[in-house]
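Everything quoted here is computed from the prediction, not taken from an experiment. Order of listing sets the numbers, starting from 1, for every ligand and every atom in it.
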Amino acid sequence: MEFNSEHIKSIIRIVPDFPKKGIHFYDIFPLFQNPAALESVITHITDHIKAQNKEPVDAIVGLDARGFLFGALVCARLGVPFVPVRKAGKLPGQTVQVCYTKEYGQDVFEMQSDAIKPGQKVVVIDDLIATGGSALAAGELVAQLGGQVVEFIFMIELEGLDGTAQLKSPVYSLFKCPC
Ligand SMILES: O=P(O)(O)OC[C@H]1O[C@H](OP(=O)(O)OP(=O)(O)O)[C@H](O)[C@@H]1O
Ligand SMILES: Nc1ncnc2[nH]cnc12
């Protein structure tokens with residue numbers, strides 16, 4: 001199936017007042033019920049990364065938990081490693097940590113200390129950017145390990161929260177939606 005952003009948008013379900021009153025929640029899981037549409041999204045992201053980078057990137061970084069779904073599929077296509085950013089307490093061994101604030105709460109992210117080597121170039125992938133707190137925190141973990149985020153990729157960017165403004169690397173969002 002050709003990538004059609006209007007079609008993909010129509011598949012995503014909007015749930016009012018979840019997980020808190022006032023939050024307009026974008027539920028991406030209906031996309032995973034539609035293999036052809038999901039395939040078009042993964043192909044679109046993969047083609048974008050290949051077009052942006054003459055040399056293959058060193059890794060794809062995916063954010064716990066929905067970013068794992070997109071990140072792992074994309075890295076398998078590209079043939080590059082996948083690095084998880086996990087919520088605190090889930091990763092064994094030595095980790096680096098950062099506290100952050102997102103649209104509906106606060107959390108702590110961790111990355112394994114040997115997951116990225118100094119100088120490596122990575123792409124950070126997540127399903128959605130709202131305030132940008134999660135993505136900013138992921139970028140800080142990459143920087144703590146001496147890596148470089150060459151691009152942040154989101155399927156959905158929520159407009160009105162200015163989440164991308166604080167990110168220090170280029171951003172590519174497949175589509176923008178009201179918050
Ligand atoms: O831009 P922000 O305001 O930081 O919000 C965006 C983040 O919030 C959601 O994750 P959540 O922490 O709910 O985790 P989940 O994927 O496990 O549901 C979403 O998947 C992003 O990672
Ligand atoms: N409005 C929203 N919908 C889905 N995931 C989110 N993560 C942060 N804000 C969100």
Ligand 2 atoms in contact with Ala130 (distance to a heavy atom under 4.0 Å): 8 (C), 9 (N)

Nitrogen or oxygen of Leu63 less than 3.5 angstrom from that of ligand 1: no

Pair Tyr172 and Phe152, ring centroids less than 6.0 Å apart: no

Criterion side chain to side chain contact (heavy atoms under 4.5 Å, CB included) on Lys168 and Val149, from CA distance to verdict: CA-CA 8 Å; Lys168 295 169 188 71; Val149 177; over 6 Å; no

4.0 Å heavy-atom contact, His24 with ligand 2: yes

Protein contact of atom 19 (C) of ligand 1 - nearest heavy atom, named by residue and atom, plus distance: Asp127 OD1, 3.4 Å

Nearest non-hydrogen partners of Asp126 and Arg66, listed with the distance: OD1-C, 4.3 Å

Contact (N/O only, under 3.5 Å) between Leu128 and ligand 1: no

Closest protein heavy atom (residue, atom, distance) for atom 9 (C) of ligand 1: Arg66 NH2, 3.3 Å

Per-atom contacts, ligand 2 versus Leu158 - under 4.0 Å to a heavy atom: 1 (N)

Atom 21 (C) of ligand 1 [closest protein heavy-atom partner, distance rounded to 0.1 Å]: Asp126 OD2, 3.1 Å

Worked check of side chain to side chain contact (heavy atoms under 4.5 Å, CB included) between Leu174 and Ile45: CA-CA 8 Å; Leu174 274 59; Ile45 296 174; 4.0 Å; yes

Positive for side chain to side chain contact (heavy atoms under 4.5 Å, CB included) with Ile28, one of Ile156, Ile11, Ile8, Leu38: Ile156

Check: Ser134 N/O within less than 3.5 Å of ligand 1 N/O: yes

Numbering as shown, the atoms of ligand 1 that approach Gly133 to under 4.0 Å (heavy-atom distance): 1 (O), 4 (O)

Heteroatom distance test (Gly132, ligand 1): nitrogen or oxygen, under 3.5 angstrom: yes

Modelled atom types, side-chain donor and acceptor of Glu39 and Thr43, under 3.5 Å: yes

Enumerated ligand 1 atoms positioned under 4.0 Å from heavy atoms of Lys87: 11 (P), 12 (O), 14 (O), 15 (P), 17 (O)

Enumerated ligand 2 atoms positioned under 4.0 Å from heavy atoms of Leu128: 3 (N), 4 (C), 5 (N), 6 (C), 7 (N), 8 (C), 9 (N), 10 (C)

Centroid-centroid distance, Phe70 to Phe32, less than 6.0 Å: yes

Arg66, portion touching ligand 2 at heavy-atom distance under 4.0 Å: side chain

Closest protein heavy atom (residue, atom, distance) for atom 10 (C) of ligand 2: Glu103 OE1, 3.2 Å

Protein residue, atom and distance nearest to atom 3 (N) of ligand 2, heavy-atom basis: Tyr26 N, 2.9 Å

Structural part of Thr131 in contact with ligand 1, heavy atom criterion under 4.0 angstrom: both

Parallel, tilted or perpendicular: ring planes of His44 versus Phe3, cut at 30 and 60 degrees: parallel

Identity and separation of the nearest protein heavy atom to atom 8 (C) of ligand 2: Tyr104 CE2, 3.4 Å

Pair Arg86-Thr95, side-chain donor/acceptor within less than 3.5 Å: no

Close side-chain approach of His24 to Ile14, heavy-atom, < 4.5 Å: yes

Gly22 backbone acceptor or donor facing Asp17 side chain under 3.5 Å: yes

Proximity flag Gly67 to ligand 1, non-hydrogen atoms under 4.0 Å: no

Shortest non-hydrogen contact from Gly62 toward Phe68: O-CE2, 3.3 Å

N or O pair under 3.5 Å between Lys102 and ligand 1: yes

Nearest-contact summary for atom 8 (O) of ligand 1 - protein heavy atom, Å: Tyr104 OH, 3.9 Å

Donor-acceptor contact present, side-chain Lys176 to main-chain Ser173, <3.5 Å: no

